[in-house]
Amino acid sequence: MYRHPRKIAFAARKGGGGKSTSAISFAGEMALLGSRVLIMIFDQQDDLADSYLIDTDYDPENYRSLASVLKGEISVREAIYTTIPYQRKGRAADLKAKFGSTGRDYTIDIMPAGYDIPTVALELSEEENLIARIMKEVENNYDYIIMDLPPSDANESMLALEYANYVIVPAGETASFKSVNMMVNTVNDFTVNGYDLDLLGIIINRYSKNRVVRRENENTFRDVLGSLIFSQTIRDSTDIEKANAYGLPLSAYPKCDVGMDWTRLSREIVKRIDEKEK
Ligand SMILES: Nc1ncnc2c1ncn2[C@@H]1O[C@H](COP(=O)(O)OP(=O)(O)OP(=O)(O)O)[C@@H](O)[C@H]1O
Ligand SMILES: [Mg+2]
């Protein structure tokens, strides 16, 4: 079944495995290819907004958010900030001058969650299709709606999963098979209950050949979860943190190995979706 927009949640039970990094990296790759992209953050920490909205009127102390929309204080349009990575000033501009412009002037829209999203999500947890209802007004403006979830099965995660069609689970260096499997089971529960939600795949993030522990872990993953694991892994690289410090998605950052990993992985992700929607 063809779906438009494609709604993808990056989710994992364990913290720090790369949900937010994966969400912005995939968003950047899709935007570079010309897709219209919105990142919806469901994590009260709003890391992505703090790092990537530095060229907008986003104020880390006081900002418009999904929580405010859910409380009826502002419209959904008002909660969306638009960033243009290649028009950054300051350090990012220096970087651009050093490496030359690629002329890749694309935008990424981001909707922050708001610090009070857990309270709001708890209060509204009985309502059905909440996110779908508020998104109706804007969702057709996008090809991809990418959701960055908190590391838990909190109410706000459930709101996001109810709205999403696909889940991608990034598994970091410390991800246990158990924590990944818990996320797989959560998605299965949604499917059993009639939701149109598919587990698209599992990303092996921060991959490093030299780590024995990781290798063993990866073998268990591959034995049990098999084809769910994307064949393209994402290497452990300091370029991830550098790009984050500049507020640039890897697709707007000077060419690097981990950027290539993300370009290849994004192609694999899109291919999987295309196959499911045939
Ligand atoms: N491939 C990688 N190589 C190096 N560092 C990475 C890589 N992926 C993520 N990181 C770093 O690991 C940390 C956690 O990543 P990220 O914030 O994406 O995880 P998360 O799952 O969103 O975490 P949380 O559960 O706190 O929301 C960040 O500092 C990020 O820069
Ligand atoms: Mg995160």
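This structure is a prediction, so every number in the text was calculated from the model and none was measured. Indexing begins at 1, ligand by ligand and atom by atom, following the structure's order.
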Is ligand 1 under 4.0 Å from a heavy atom in the side chain of [X], in the backbone, in both, or in neither?
{"X": "Q45", "answer": "neither"}
{"X": "N205", "answer": "side chain"}
{"X": "D43", "answer": "side chain"}
{"X": "S237", "answer": "backbone"}

How far is [atom] from its nearest protein heavy atom, and which residue and atom name does that atom have?
{"atom": "atom 13 (C) of ligand 1", "value": "R206 NH1, 4.3 Å"}
{"atom": "atom 18 (O) of ligand 1", "value": "T21 OG1, 2.4 Å"}
{"atom": "atom 28 (C) of ligand 1", "value": "E241 OE2, 4.3 Å"}
{"atom": "atom 20 (P) of ligand 1", "value": "K19 N, 3.4 Å"}
{"atom": "atom 19 (O) of ligand 1", "value": "G18 N, 3.0 Å"}
{"atom": "atom 14 (C) of ligand 1", "value": "G16 O, 3.6 Å"}

Run the contact test for [X] against ligand 1 with a 4.0 Å cut-off on heavy atoms, strictly below, and give the result.
{"X": "I240", "result": "yes"}
{"X": "A12", "result": "no"}
{"X": "I234", "result": "yes"}

Exercise. Which protein N, O or S atoms lie under 2.8 Å from the Mg ion (ligand 2), given by chain and residue number?
Worked result: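 The answer, once waters are left aside, is S20 OG.
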Give the atom numbers and elements of ligand 1 that come within less than 4.0 Å of a heavy atom of [X].
{"X": "P151", "value": "25 (O)"}
{"X": "G15", "value": "25 (O)"}
{"X": "R235", "value": "1 (N), 2 (C), 3 (N)"}
{"X": "D236", "value": "3 (N), 4 (C)"}

Exercise. Only one of I41, I131, V120 clears side-chain contact (heavy atoms from CB on, under 4.5 Å) with L66; which?
Worked result: I131
Determine whether the side chains of [X] and [Y] contain a donor N or O and an acceptor N or O closer than 3.5 Å.
{"X": "S68", "Y": "S65", "result": "yes"}
{"X": "D109", "Y": "T82", "result": "yes"}
{"X": "R13", "Y": "T186", "result": "yes"}
{"X": "Y142", "Y": "S35", "result": "no"}
{"X": "Y207", "Y": "Q232", "result": "no"}
{"X": "S208", "Y": "D236", "result": "no"}
{"X": "T238", "Y": "E241", "result": "no"}

Exercise. Hey, is ligand 1 close enough to T238 that some N/O pair sits below 3.5 Å?
Worked result: no
Exercise. Given I54 and Y52, is the side-chain contact (heavy atoms from CB on, under 4.5 Å) satisfied, shown in steps?
Worked result: CA-CA 6 Å; I54 48 185; Y52 291 89; over 6 Å; no
Exercise. Do other residues, nucleotides or ligands put more than 12 heavy atoms under 6.0 Å from E126 CD?
Worked result: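 Not more than 12 within 6.0 Å, no.
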Problem set entry | Trace of the side-chain contact (heavy atoms from CB on, under 4.5 Å) decision for K7 with E139 | CA-CA 10 Å; K7 302 167 192 156; E139 69 176 13; 3.5 Å; yes
Exercise. Does NZ or CZ of R272 come closer than 6.0 Å to the centre of the six-membered ring of F230, within 45° of the ring's axis?
Worked result: yes
Exercise. So Y58 and Y81, would you call those rings parallel, tilted or perpendicular, with 30° and 60° as cut-offs?
Worked result: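 Correct class here is perpendicular.
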For this session: Could you check whether the rings of Y144 and F26 sit parallel, tilted or perpendicular, using 30° and 60° as the cut-offs?
Result: perpendicular
Exercise. Does the side chain of L225 reach to within under 4.5 Å of the side chain of N181, using non-hydrogen atoms?
Worked result: yes
